[in-house]
Amino acid sequence: MDVGFIGLGRMGQAMAARLVAAGHRVRVWNRSPEAAKAVVGAEPVGSAAEAFAGDAAITMLADDTALRAVIVEGGLLDSGRRPAVHIGMSTISVALAKELAAVHGRAGLSYVSAPVFGRPDAAANGALNIIAAGTDEAIARVQPLFDAMGSKTWRFGTEPERANAVKLAGNFMIVSAIEAMGEAAAFAEGHGIPGAEVLEMLTGTLFASPVYKNYGAMIMEGRYEPPGFTMRLGLKDVRLALAAGDAVNVPMPFASVLRDNLLDAIAHGDGDKDFAGLATVAARRSGR
């Protein structure tokens, strides 16, 4: 397929590289041109408009502001050269996802929302879990791209914003798990028990799932750099979850705790560390 890829952070670079490896023609654009040159085998282009064409165009931008600036305010939906399907793979607000579905509908352009679960190493191995929502026809058309980037595509209906709600729910659970491990380790340390030993036992038995095991290992080792996903981005996602909860009158009291603890970490200069480092907030508060 002829694919455009817009947004080449660590995740975007790995995902675009998977598409190249699968034999697709991939045109790439990033605000920082150096990132586009890093995707071996892809074709760097000079503007987002040049990438927003072909059989499909993928956006993997950092947040609502960046996506709105490039796609909506950048006038890409009004250009004569457009892709058959736009796949939005960024983690964005449910509200913006609804807006994008509406503006794409008015522009007569198919839109599929497909955020992902997985860190850059999973992206590099084509092992992402892809959460997709959109029309059956549009998803079927781009399924070969999903197959190249992920191990499984999970379908959540035809309304694109449903995929974004699922993504925010999952990220809320991940941050909750990190907070729980941080508090449990600090609690154990308070009783003279090495927190790392407690986490090793718990993540190998009762909590032997990928999130607990992977983030638990990072907490045990104090390994928060280089980040796969920063605490600043974690805070962004928790805020998006709170806003989406407000919109449908769903209280999320623990999300408010997570927001405040992430703000605590950022205020102490840790915003650009991996968000597993949220565990250090509980340790610091306990004097350890």
Side-chain angles (χ1 to χ4, degrees), residues 1 3-26 28 38-42 55-62 85-92 97 110-158 160-178 203-204 207-218 226-229 233-234 237 274-276:
M1 296 174 69
V3 186
F5 203 108
I6 298 171
L8 298 165
R10 292 187 65 196
M11 286 291 290
Q13 286 186 28
M15 293 162 69
R18 289 293 306 181
L19 296 175
V20 172
H24 300 289
R25 178 195 178 197
V26 184
V28 293
V39 184
V40 178
D55 297 312
I58 296 171
T59 47
M60 190 62 177
L61 295 160
V85 182
H86 172 204
I87 311 168
M89 305 192 80
S90 309
T91 300
I92 59 171
S110 293
Y111 177 64
V112 172
S113 188
V116 302
F117 285 115
R119 291 164 65 89
D121 56 342
N125 293 324
L128 296 172
N129 279 284
I130 298 174
I131 313 303
T135 67
D136 291 341
E137 179 184 4
I139 292 177
R141 191 165 189 169
V142 300
Q143 189 62 51
L145 306 180
F146 292 159
D147 291 342
M149 294 183 287
S151 57
K152 183 166 182 176
T153 301
W154 301 82
R155 300 278 296 274
F156 280 91
T158 59
E161 65 270 17
R162 290 167 62 94
N164 299 92
V166 173
K167 170 63 174 174
L168 293 177
N171 278 11
F172 164 70
M173 292 181 68
I174 292 170
V175 185
S176 298
I178 293 170
T203 60
F207 297 92
S209 67
V211 166
Y212 280 97
K213 289 179 72 69
N214 294 339
Y215 284 107
M218 295 175 72
F229 187 83
L233 290 175
D237 290 355
D274 195 279
F275 81 153

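The structure displayed is predicted, hence computed values, not measured ones. What you see below is based on every heavy atom in this structure, not just the backbone, and it leaves out hydrogens, waters and symmetry mates.
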* Verdict with reasoning, Ser113 to Tyr111, per side-chain contact (heavy atoms from CB on, under 4.5 Å) -> CA-CA 7 Å; Ser113 188; Tyr111 177 64; 4.2 Å; yes
Kindly compute the distance separating [atom1] ([X]) from [atom2] ([Y]), expressed to the nearest 0.5 Å.
X: Asn164; Y: Ile92; atom1: CG; atom2: CD1; value: 4.5 Å
X: Asn129; Y: Phe146; atom1: CG; atom2: CZ; value: 12.5 Å
X: Arg18; Y: Leu145; atom1: CZ; atom2: CG; value: 12.5 Å
X: Ile139; Y: Ile87; atom1: CD1; atom2: CD1; value: 9.5 Å
X: Lys167; Y: Trp154; atom1: NZ; atom2: CH2; value: 14.5 Å
X: Met89; Y: Leu61; atom1: CE; atom2: CG; value: 12.5 Å

At their closest point, which heavy atom of [X] faces which heavy atom of [Y], and how far apart are they?
X: Arg119; Y: Met218; value: NH2-CE, 3.7 Å
X: Thr158; Y: Pro160; value: O-CD, 3.3 Å
X: Met15; Y: Ala123; value: CG-CB, 4.1 Å
X: Ala16; Y: Val28; value: CB-CG1, 4.3 Å
X: Ala177; Y: Val211; value: CB-CG1, 3.9 Å
X: Phe156; Y: Arg162; value: O-NE, 2.7 Å

* Would you check, one step at a time, whether the test side-chain contact (heavy atoms from CB on, under 4.5 Å) holds for Asp237 with Phe229? => CA-CA 11 Å; Asp237 290 355; Phe229 187 83; 3.3 Å; yes
* Asked: What do the steps show when you test Val112 against Arg141 for side-chain contact (heavy atoms from CB on, under 4.5 Å), and what is the final call?
  -> CA-CA 10 Å; Val112 172; Arg141 191 165 189 169; over 6 Å; no
Is any side-chain heavy atom of [X] closer than 4.5 Å to a side-chain heavy atom of [Y]?
X: Ile58; Y: Val3; value: yes
X: Val116; Y: Met11; value: yes
X: Val39; Y: Val26; value: no

* Asked: Thinking salt bridges, do Asp136 and Arg155 make one under a 4.0 Å N-O criterion?
  ->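 A salt bridge is present here (some side-chain N lies under 4.0 Å from a carboxylate O).
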* To do: Apply the side chain to side chain contact (heavy atoms under 4.5 Å, CB included) test between Phe117 and each candidate in Thr91, Ile130, Asn171; give the one that qualifies.
  =>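 That would be Asn171; it is the only one of Thr91, Ile130, Asn171 passing the side chain to side chain contact (heavy atoms under 4.5 Å, CB included) with Phe117.
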* Indicate yes or no for a side-chain donor-acceptor contact from Ser110 to the backbone of Val85 under 3.5 Å, with no hydrogens or angles considered. =>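 No: the side chain of Ser110 does not pair with the backbone of Val85.
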* Asked: Hey, what's the ring geometry for Tyr215 with Phe275, parallel, tilted or perpendicular (30° and 60° as the breaks)?
  ->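 If you compare the ring of Tyr215 with that of Phe275, the planes turn out perpendicular.
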